[in-house]
Colleague: 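Shown below is the structure under consideration.
As the structure is a prediction and not an experimental result, all values here were calculated from the model. Chain letters run A, B, ... following the sequence lines, proteins first, then strands; residues in each count from 1.
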Amino acid sequence: MASPQVKGASIAELAEGVRARKWKARELVESYLDRIARLDGRLGCYLLVDGDGARRRADQVDATVAAGRDPGLLAGVPIGLKDIFVTRGLQTTAGSKILRGFVPPYESTVSARLAAAGAIALGKLNMDEFAMGSSNENSAFKPVRNPWDLERVPGGSSGGSAASVAASLCAGSLGTDTGGSIRQPASLCGVAGMKPTYGRVSRYGVIAFASSLDHPGPFGRTVEEVATLLEVIAGHDPCDATSIPSPVGRYRQACAAGLAGMRVGVPEEYFQAGMDPEVEAAVRGAIDEIARAGAKLVPVSLPHTQYAVATYYLVCTAEASSNLARYDGVRYGHRTAEASSLEELYSKTRGEGFGAEPKRRIILGTYVLRSGYYEAYYGKALRVRRKIADDFRAVFDKCDVLATPTSPTAAFKLGERQADPLQMYLADIYTVAPALAGVPALSQCCGFTKNHLPIGLQLIGPPLGEEAVFRIAGEYQRRTYWHKRLPEDPS
Amino acid sequence: MSRIQPDEVRTIAALARLRLSDAEIERMTHELDAILEYIDTVKNLDTGATEPMTHAVRFDCPLRQDEPKPSLSVEEALQNAPRRRDSFFEVPRIVPSTGEGG
């Protein structure tokens with residue numbers, strides 16, 4: 001048997017090798033576990049590595065192959081799961097001390113679908129506490145470092161999911177995106193990631209942050225890998241009332257379908273004066289390449305973009321303050337040592353268990369939902385949200401996909417923005433509007449700064465327009481080499 | 001002018017059942033003031049006739065047949081409880097003791 005070279009390996013290549021008995025799933029798992037053991041001490045991607053479980057499941061895949069049966073599209077492919085997906089029998093913390101020790105008695109729909117397709121979960125990936133953050137510095141346990149520069153953040157909140165794919169500590173991963181938490185870390189780590197249409201992927205078993213905005217989705221080094229993982233995890237789930245029943249698209253085919261006749265909108269509000277010149281140059285260069293490939297460029301406007309960040313923080317904090325009410329020290333997780341009344345049990349448990357960012361958002365969310373303030377803040381935000389969604393509806397009459405930057409800057413330094421929460425919130429300036437509208441959006445690498453930091457291109461489609469997004473993304477990637485660059489292993 | 005005062009943060013924290021230290025209250029008042037100043041920009045937009053949008057997709061609340069289905073066992077439901085007694089979650093006494101032997 002050939003020994004698999006896993007650094008930079010593609011999901012298709014790894015699964016094909018398992019099916020063709022070129023290598024065993026067990027060997028793949030051992031290779032990734034070895035990389036994790038050697039390198040993750042420097043990177044901090046994993047909160048938990050389930051070596052024994054991964055070996056056991058790999059042996060099952062190998063037995064399936066030996067018996068002449070097909071283990072599935074992801075035969076033996078080692079993947080990582082953001083620690084927001086509950087995994088039966090495996091600790092799940094959402095990056096928070098308040099859930100330390102929580103061992104879920106059930107499994108999220110998407111992790112079950114990956115396993116059924118033959119994928120092997122290696123462990124649980126680091127994240128900002130309750131998915132609140134844009135740098136992964138809000139993890140209650142440890143920061144994640146950017147594989148391209150260990151002094152810089154990987155982005156957040158799915159920082160572990162992005163960095164682990166960039167550093168080949170798994171072949172693909174799952175994250176969640178509430179206001180940019182898949183796309184922004186994908187951009188900062190130079191990998192591809194997609195937030196699908198709201199409701200396209202089940203939220204069952206995903207620890208809730210802001211339910212009307214939480215979107216699970218995949219990361220891969222290339223857009224084909226994102227398409228492959230999305231085909232496996234997407235689709236109707238009776239356990240999620242907001243799950244969409246329409247059939248899943250052919251995302252892998254779309255990546256190779258070419259973009260003849262497509263119209264790509266370039267929204268002026270996403271290219272305002274003052275944006276980082278290196279980011280602007282790379283993204284405009286990518287848009288020119290897409291035009292050279294045969295797409296028609298259309299200048300468009302999304303006039304309510306300037307209200308998106310404020311609207312997002314009103315809606316997400318209101319929903320978070322409600323969703324996080326369940327952490328009270330009674331049924332699971334942390335419980336304060338001494339409490340003489342039920343109310344004291346709640347408030348001490350929560351004061352001890354939550355970190356600074358969830359506390360800030362619980363307070364802000366409770367403030368905007370208060371009687372007397374509700375209409376001025378939360379009610380207003382829901383109306384502005386409609387206007388933002390209507391902007392997208394109108395613009396997709398004129399074009400098929402929008403092209404914008406994903407993040408206003410490349411990866412910033414650890415600690416640089418931690419003292420100023422508002423500055424951190426503005427990191428989401430290009431990603432929150434598609435989240436509010438629930439439309440699909442993907443980030444892929446479109447260049448590097450002179451300091452060798454990745455820059456991301458964001459492609460946004462209409463509701464259930466994932467295939468249109470993959471057509472542009474696949475063609476752009478076919479014409480460029482950015483996705484083939486790999487960071488050096490940390491020493 | 002400050003948009004929010006420490007006493008208001010204290011009241012909200014009590015509503016949210018979230019114990020904060022005095023230092024946390026001070027810092028959070030300061031941070032929330034800046035965040036609220038930014039968020040207030042939405043008030044400039046006229047949204048008169050616009051309907052509120054609570055979800056990105058329109059969906060009807062789906063119903064299933066009212067048939068019993070397997071669910072978590074009592075043991076599974078209690079396996080993460082920080083304190084339990086028999087088949088219950090244990091919490092501090094809620095009803096005051098009357099001193100008459102209940």
Colleague: Could you tell me which non-hydrogen atom of B/Tyr38 sits nearest to which non-hydrogen atom of A/Gln306, and how far apart they are?
Modeller: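 It is OH-O, 4.4 Å.
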Colleague: Identify which of B/Ile94, B/Thr41, B/Ile39 forms the greatest number of heavy-atom pairs closer than 4.5 Å to chain A.
Modeller: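 With the most close heavy-atom pairs to chain A, the winner is B/Ile39.
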Colleague: Can you tell me how far the NE2 atom of B/His55 sits from the CZ atom of A/Arg385, to the nearest 0.5 Å?
Modeller: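 Between B/His55 NE2 and A/Arg385 CZ, I get 7.5 Å after rounding to 0.5 Å.
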Colleague: Would you check if B/Ile35 and A/Tyr425 make a side-chain contact, meaning some heavy-atom pair closer than 4.5 Å?
Modeller: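 They are in contact (side-chain heavy atoms under 4.5 Å apart), so the answer is yes.
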Colleague: Quick check on the interface: out of B/Val42, B/Thr11, B/Leu72, who has the most heavy-atom pairs with chain A under 4.5 Å?
Modeller: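 The candidate making the most pairs under 4.5 Å is B/Val42.
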Colleague: Using heavy-atom distances under 4.5 Å, tell me whether B/Ile4 contacts chain A through its side chain, its backbone, both, or neither.
Modeller: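 Side chain of B/Ile4 only, per the 4.5 Å heavy-atom cut-off to chain A.
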Colleague: What closest approach, in Å, do A/Thr242 and B/Val57 show between heavy atoms, and which atom pair accounts for it?
Modeller: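 That closest heavy-atom pairing would be O-CG2, 4.1 Å.
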Colleague: Write down the atom of B/Ala56, the atom of A/Tyr198, and the distance for their closest heavy-atom approach.
Modeller: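 In this case the closest contact between B/Ala56 and A/Tyr198 is CB-CB, 4.0 Å.
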Colleague: Is B/Glu31 close to chain A through its backbone or its side chain, or both, or neither, when contacts mean heavy atoms under 4.5 Å?
Modeller: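 Answer is side chain: those atoms of B/Glu31 sit under 4.5 Å from chain A.
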Colleague: With the side chain counted from C-beta on, respond yes when B/Leu20 and A/Ile363 share a heavy-atom pair under 4.5 Å apart, and no when they do not.
Modeller: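 Result yes, sub-4.5 Å side-chain heavy-atom pair found.
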Colleague: side-chain hydrogen bond (donor to acceptor under 3.5 Å, both in side chains) for B/Thr47 and A/Lys380? Distances and angles first, verdict last.
Modeller: CA-CA 8 Å; B/Thr47 50; A/Lys380 184 80 182 180; 3.0 Å; yes
Colleague: Is any side-chain heavy atom of A/Thr336 closer than 4.5 Å to one of B/Arg19?
Modeller: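 Not in contact.
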Colleague: Give the minimum heavy-atom separation between B/Ala16 and A/Ile362, together with the two atoms involved.
Modeller: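 Here B/Ala16 and A/Ile362 meet closest at CB-CG2, 3.7 Å.
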Colleague: Before accepting this row, confirm whether a basic side-chain N of the pair B/Glu90/A/Arg335 lies closer than 4.0 Å to the acidic partner's carboxylate O.
Modeller: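 No.
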Colleague: In Å, rounded to the nearest 0.5 Å, how long is the span from CG of A/Leu342 to CZ of B/Arg93?
Modeller: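 If I round to the nearest 0.5 Å, the distance is 13.0 Å.
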Colleague: Minimum heavy-atom separation for A/Arg370 and B/Glu8, please, with both atom names.
Modeller: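 Reported closest heavy-atom pair: NH1-OE2, 3.6 Å.
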Colleague: Let's go through B/Lys43 and A/Tyr377 carefully: what are the C-alpha distance in whole Å and the side-chain angles of both, what is the deciding distance for side-chain contact (heavy atoms from CB on, under 4.5 Å) to 0.1 Å, and is it a yes or a no?
Modeller: CA-CA 8 Å; B/Lys43 293 183 174 169; A/Tyr377 283 113; 3.5 Å; yes
Colleague: For B/Gln79, is it the side chain, the backbone, both or neither that has a heavy atom under 4.5 Å from a heavy atom of chain A?
Modeller: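 B/Gln79 touches chain A through side-chain heavy atoms alone.
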Colleague: Evaluate side-chain contact (heavy atoms from CB on, under 4.5 Å) for B/Ile12 paired with A/Leu364, printing each intermediate quantity in order.
Modeller: CA-CA 9 Å; B/Ile12 297 162; A/Leu364 183 57; over 6 Å; no
Colleague: Please report the interatomic distance CE(B/Met28) to NZ(A/Lys359), rounded to the nearest 0.5 Å.
Modeller: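 B/Met28 CE to A/Lys359 NZ: 7.0 Å, rounded to 0.5 Å.
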Colleague: Taking all atoms of both residues into account, what is the closest heavy-atom pair of B/Met53 and A/Ala389, and its distance?
Modeller: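 Where B/Met53 meets A/Ala389 most closely, the heavy atoms are SD-CB, 3.6 Å.
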